[in-house]
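Just below is one structure, and these are the notes that go with it.
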Amino acid sequence: MTDTTTEMDGNVAELRNTVRDPKGQGDPKSYRISKDGETTRHEDAAWADKDLKMYTRDVHVHYGDNHAIKGVSVDVRPNEVLALMGPSGCGKSTFLRCLNRMNDPVPNARIDGTIALEGENIYDKDYDVVMVRLRIGMVAQAPNPFPKSIYENIAFGPRLHGLTDGKEELDEVVENSLRRAGLWEEVKDQLHQPGTNLSGGQQQRLCIARAIANEPEVILMDEPCSSLDPVSTNTIEELIMELKKSFTVVIVTHDMQQAERVSDRVAYFHLGDLVEVGPTNAVIRDAQDQRTKEYVSGHIG
Amino acid sequence: MTDATAQGSAPGGRRIDSDAFRSRLATRRRKGAILKYSGLIAICIALAILGTLLFSIVSQGWQGFLRTNVELEITYNEEIIGGDAEDIPSGAFQEIARNGLQKALGLPPEAEDYDPSDLNALISSGVRYDLQQAVRDEPELIGRTAQLSVPVSSTMDMAYKGKLNLDVDEGRRQLSNQQLEWFNQLQDDGRLHSEFYWGLFSNSDSRSPELAGLWAGIVGSFVMIGIVAAFAFPIAVAAAVYLEEFAPKNRWTELVEVNINNLAAVPSIIFGLLGLAVFLNTLGFPRSSPLAGGAVLVLMTLPIIIIAARSALRSVPPSYRDGALMLGASRNQAVMKTVLPTALPGMLTGTIIGLAQALGETAPLLLIGMQAFVAAPPEGINDTATAIPVQIYLWANAPERGFAEKTQAAIMVLLMFLLIMNATAIILRNRFQKRA
Amino acid sequence: MALQLTTLALFLIAITGFVMTRRRALAQGDGTRRNLHSQPKYHGYFVFLATLLPGLVFLGIFLLFKTPVVNWLTMNQLPAELRNQGSGALSLLFSRIEQHAAGGQTFGELPEGAQGAADFLAMARRAATWAIIPFALFPAALGFWFAQSRVQPTFRARNATEKIVRGLMIVCATLAVLTTFGIVMSVLFEAIRFFRMEPISEFLFSLEWNPGTAIREGQAAGADQGSFGIAPLFLGTLLIATIAMATAVPLGLLSAIYLAELAKPRVRKILKPMLEVLAGIPTVVYGVFAALTVSPFIINLGTSMGFDVGAKVALAAGIVMGFMLIPFISSLSDDAITAVPDKLRNGAYSMGATHGETITRVVLPAALPGLVGAVLLAVSRAIGETMIVLLAAGLRANLTFNPLDTTTTVTVQIANLLTGDQRFDSAKTLSAFALGLVLFLVTLALNVGALKFQQRYQEKYD
Ligand SMILES: Nc1ncnc2c1ncn2[C@@H]1O[C@H](COP(=O)(O)OP(=O)(O)OP(=O)(O)O)[C@@H](O)[C@H]1O
Ligand SMILES: [Mg+2]
């Protein structure tokens, strides 16, 4: 970064203690704005690394020559919903996949930097990738149930990892997971029908239930509603609000309203940079960076 | 940092913190490794089989490209031959050749303590015909003496190549003690040489291994491949274009599809039965002719090319078609002007691979009569013919030892042809892919 | 000669028609295309096709049916008492008539009344040589005249041409159906003739196969010359196919799994073509390998270990057949595995499955229909394979399942019965067609089954 830009952004870089009330709802929030590198941070509280659920420090991702993520440092707090936003191709999915090492099988991908779960680097050699994915579950953009029965879909993880003892306990886990995903009432009579016969929204909830069955600590979701109709979207959003009571959720979304509805904090990406991060209201209503402003105003008019 | 503390900090003391879980995880990893190594071993075995196959062919067959000749001083003795160069019995030349051998071995002209036919058996039975032809072509030879290199008999050839066990009792040896002595003498005198055997390509089949060649089979095979190319390619392309571009989706076309897919997997010998019953017995095609063989191979190759051509057509982006239609072309024109040219290289690749398959086909040809001894290439599509794979089959079953290496040499020739065809197909495909 | 002339004439007329008509169409449109419905060249194409097609069709009909018709007419010349002898004697008589008609070397005099037939045959053959000219050219001329008369500015020549081309393509597509029809008919007819001589119950349930020798003339046609029980052949085929599948399925499947899921792209790029080489080798080559290399090895090994080994062992044929099927199974399975969408793999990974578990628990079950289809097709090929068993398995029908014994297979018997002397009225020759019928039906069932599996699979992911 050159000196001129530093000067230009000088007013942003200056630390502020501001009381704001963006929605005018008499719910003032205070946060400080700071800037390091490309990233503008709205900090509403001071967190020590050891209290965070996850954090990343200076993460870079290369696909061959393509520098897809350029030094991203972001925190994930326990039991919050963090929304990743940004224009198409900015690297949200890439970054999300890094969080549970789903980029490992991508042949030409290279990941540098630190990604920690409860203070331990998950890219550490000693950290077993199975353990990473067991503790950090994931729900894909398009529903991808296995071509097996609904029951088998849910039982897949517990069976694999030996999380249950005996059939009764497994049945219990299946029922519980389906209940928590809000699917139980709809499918309890057809547990042994193929999961692929369900509707798109049901399939997505099945995938969420499948992830829950592993009892993860963090659940990653990549645009979980992008292929769903408004009613199903609504159901899933309510589900996410429910899930955050017991899990930490990181979600990618394009939908500003959705982010406002479900997320506590937002991280805004642009061309591989983390541009702005902070409480949802702060980033959306009080964007500091030009790029964020344009994106936000394009969507909320 | 240890695993236990690193991964054990999940709330509530869950199962995944237990030692049981960790040992289970180790087992799971081991199973994965077993799968990976089994796969690797399987593919290594497959490649080892390929290697063994090729090695056994080459190691048993390379000498089939060589033939042993013996240096003889041949005198075209006027007394034996007589005056008229045109009309000399081949027996006379046998005597001439034998005299040459006697001279080489330092034996007296009149056989006393040996059987002259033992001596005759040292050289190929084809030598006398070669000499006869030479005199016919050049009558001035009569009375002269020439230094010639003539092929030895197959047994001698085997002995020289080290393929006969000469250390056994006379009764179990193919050379008598006497003949063995002569063989050793000729070898010690440096009269025996190996030469590249061009006859493998230019001669046709023979009862004597040292004279047998593939020429008739090569001609027969390529006449049939020509018939297949001429008929199967256009018919298959037309059928594929229809099914892929025009056919309505109904039960009839579905039936045609299942039909074609099934035909591609019908055992080849069934096509032989078809050829026998329909082409030979009903339509009166000549037995063992390239016409009958070609017709059977056309029917066999059709479904293969149709399937390849359809997949080539399917890989043409729909936008090409739509673009042409938007410009007001008729459906026919859209297909002819845009789709077909784009798919053509793919179709050609499929066709060449189909032709290569037809070239290696044997069973149906046996059924339409191509198991007979054929000593000349066909002169027309109605003539008796043979094919390279048929020749391989016949040689493999021939009792003479000399045919074993010939069989493998013929296989090498066949594989060469197939390699050339497949390489052409691959080059075609690569060039196509680069452009696309 | 006459054939070449006729073909040449047909093309010349058709090309002339094309040139003439195009010019005429252009003239009718006052020199511009705009006055015509179709471009002039389409008028030309129309005439070209209308001339050439009838000519070629009649040419083809003539060539296909010349010999049978001439022969049939000749036979009709024979007096009734000669015509009513057994079919074997009749065909022998006919070949003598042919020799006389050809005027070459003949063996003895023809029987009373047959000389006339020989003369007729000679005459008919000469006539048939030249009859092709009017037979092919007349329909062509008719087509030419008809098409010419249609040429007017309003004539939709393009549509007409396209319709003809479409029709031609349909005919080509139908040829595949005709082939199947031809197979069924030819196999069925002769098989029925066989079952008239030998009861079908014996064919299916007798435990002995020994077709005996078809003796030339003298022996009553269809006499009880041997026993025709398919059971030992079936058992032999089954034994060899089982050995082959036991070799090929594990090796082929594991190779496919390795190539599709585990190998690095670079390694895959090298190994896959090498497997394809293995698939491109003709079966006769595998047969020679089995007979000259593997058989002696197994026999020596078996003997040295003290087993009672046959002269030709089923094991050698079966194993080499398995080698042949490895690339076949591996390439079909590879297709099935690579067709499993990546999102399923990602789903499994994100559930914490290891690479191996992803393959065994998600990818393979998803690809199962395709894999089953591949195995069924391989079984079909194993049962129908001829050259390997012809070279490496025996001829003697043996009711055994011992892999070190000599066995024979259905295909070996078909090939053996139909090479060499054949008489189409002996049960021995005809039994080959009965075997062919069984072989066709079994492989048909396997192929269609495999297709159904693969289709179900495509529906799921397309
Ligand atoms: N497997 C891959 N191989 C190579 N490049 C990739 C791969 N996946 C993503 N990329 C590249 O990385 C960059 C970021 O892609 P990513 O999918 O993370 O974007 P995104 O923000 O999720 O976009 P969208 O909103 O459209 O989903 C893009 O330039 C893309 O081309
Ligand atoms: Mg994305």
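By convention in this document, chain letters (A, B, ...) are assigned in the order of the sequence lines, proteins followed by strands, and residues within each chain are numbered from 1.
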Would you say CE of C:M185 has more than 12 non-hydrogen atoms from neighbouring residues, nucleotides or ligands within 6.0 angstrom? yes
Given a strict heavy-atom distance threshold of 4.5 Å, which part of C:T358 is in contact with chain B: side chain, backbone, both, or neither? neither
When you compare the side chain of C:C172 with that of B:Y242, does any pair of heavy atoms fall below 4.5 Å? no
Do B:L283 and C:T67 have side chains that get closer than 4.5 Å, going by heavy atoms? no
How many angstroms lie between atom OG1 of B:T282 and atom CZ of C:F189, to the nearest 0.5 angstrom? 9.5 Å
Shorter than 4.5 Å, heavy atoms on both sides: which option in C:N71, C:I257, C:T180, C:L377 has the most such pairs with chain B? C:T180
Residue pair B:K36 / C:L262: nearest heavy atoms and the distance that separates them: CA-CD1, 3.6 Å
Between the side chains of C:T283 and B:E361, does any donor sit under 3.5 Å from an acceptor? no
Would you indicate whether the side-chain heavy atoms of B:L414 and C:P282 approach each other to under 4.5 Å? yes
Could you tell me which portion of B:Q357 (side chain, backbone, both or neither) has an atom closer than 4.5 angstrom to a non-hydrogen atom of chain C? neither
Please list, in residue-number order, every residue in residues 251-261 of chain B that has a heavy atom less than 4.5 Å from any heavy atom of chain C; write 'none' if there are none. B:W252, B:V256, B:V258, B:N259, B:I260, B:N261
Evaluate the criterion side chain to side chain contact (heavy atoms under 4.5 Å, CB included) for residue pair B:Y393 and C:V288; output intermediate values, then yes/no. CA-CA 8 Å; B:Y393 170 68; C:V288 171; over 6 Å; no
Walk me through it: do C:L271 and B:I43 pass the test side chain to side chain contact (heavy atoms under 4.5 Å, CB included)? CA-CA 8 Å; C:L271 292 185; B:I43 202 147; 3.9 Å; yes
Highest number of heavy-atom pairs under 4.5 Å with chain B: which of C:P273, C:S255, C:A353, C:G384? C:S255
Quick check: do C:V187 and B:L274 have side-chain heavy atoms less than 4.5 Å from each other? no
Residue pair B:L366, C:L390: steps toward the side chain to side chain contact (heavy atoms under 4.5 Å, CB included) verdict: CA-CA 11 Å; B:L366 295 180; C:L390 197 54; 3.6 Å; yes
Considering all heavy atoms, the nearest C:L278-B:A46 contact: CD2-O, 3.9 Å
With rounding to the nearest 0.5 angstrom, report the OG1 to CE distance, C:T419 to B:M370. 14.0 Å
At a heavy-atom separation under 4.5 Å, does C:L178 approach chain B through its side chain, its backbone, both, or neither? neither
With a 6.0 Å cut-off (strictly less than), is the heavy-atom count around CZ of B:F373, excluding the residue itself, greater than 12? yes
Can you give me the closest heavy-atom contact between B:L263 and C:A176, atom names plus distance? CD1-O, 3.3 Å
Distance (rounded to the nearest 0.5 Å) between B:L40 CG and C:Y258 OH: 4.0 Å
Most contacts with chain B, counted as non-hydrogen pairs under 4.5 angstrom, among C:K66, C:R381, C:E385, C:E357: C:E357
Does B:M336 reach the side chain of C:V165, with side-chain heavy atoms less than 4.5 Å apart? yes
So for B:L50, is it side chain, backbone, both, or neither that comes closer than 4.5 Å to the heavy atoms of chain C? both
Among C:G280, C:G356, C:S330, C:A173, single out the residue with the greatest number of heavy-atom pairs under 4.5 Å to chain B. C:A173
Check each atom of B:L53 against the heavy atoms of chain C and say whether the ones under 4.5 Å are side chain, backbone, both or neither. both
Compare all side-chain heavy atoms of B:L273 with those of C:I414 and state whether any distance is below 4.5 angstrom. yes
Quick check on B:F231: does its CZ atom have over 12 non-hydrogen neighbours (other residues, nucleotides or ligands) under 6.0 Å away? no
Pick from C:E276, C:R166, C:R158, C:E261 with the largest number of heavy-atom pairs that fall under 4.5 Å of chain B: C:R166
Just wondering, do B:F285 and C:L64 contact through their side chains at under 4.5 Å, heavy atoms? yes
Hey, is CZ on B:R29 packed in by over 12 heavy atoms from elsewhere, all under 6.0 Å? yes
Point-to-point distance, once rounded to the nearest 0.5 Å, from CD1 of B:I270 to OG of C:S186: 9.0 Å
Inter-residue atom distance B:E245.CD - C:M169.CE, 0.5 Å rounding: 9.0 Å
Value for OG1 (C:T386) from CD1 (B:I269), rounded to nearest 0.5 Å, stands at 3.5 Å
B:A396 versus C:L391, closest heavy-atom pair with distance: CB-CD2, 3.7 Å
Please name the pair of heavy atoms, one in C:V284 and one in B:G360, separated by the smallest distance, quoted to 0.1 Å. CG1-O, 4.4 Å
Only pairs of heavy atoms separated by less than 4.5 Å count here; which of C:L292, C:N447, C:L444 has the most with chain B? C:N447
Between B:I235 and chain C, which part of the residue has a heavy atom less than 4.5 Å away: side chain, backbone, both or neither? both
Just wondering, do B:T52 and C:F289 contact through their side chains at under 4.5 Å, heavy atoms? yes
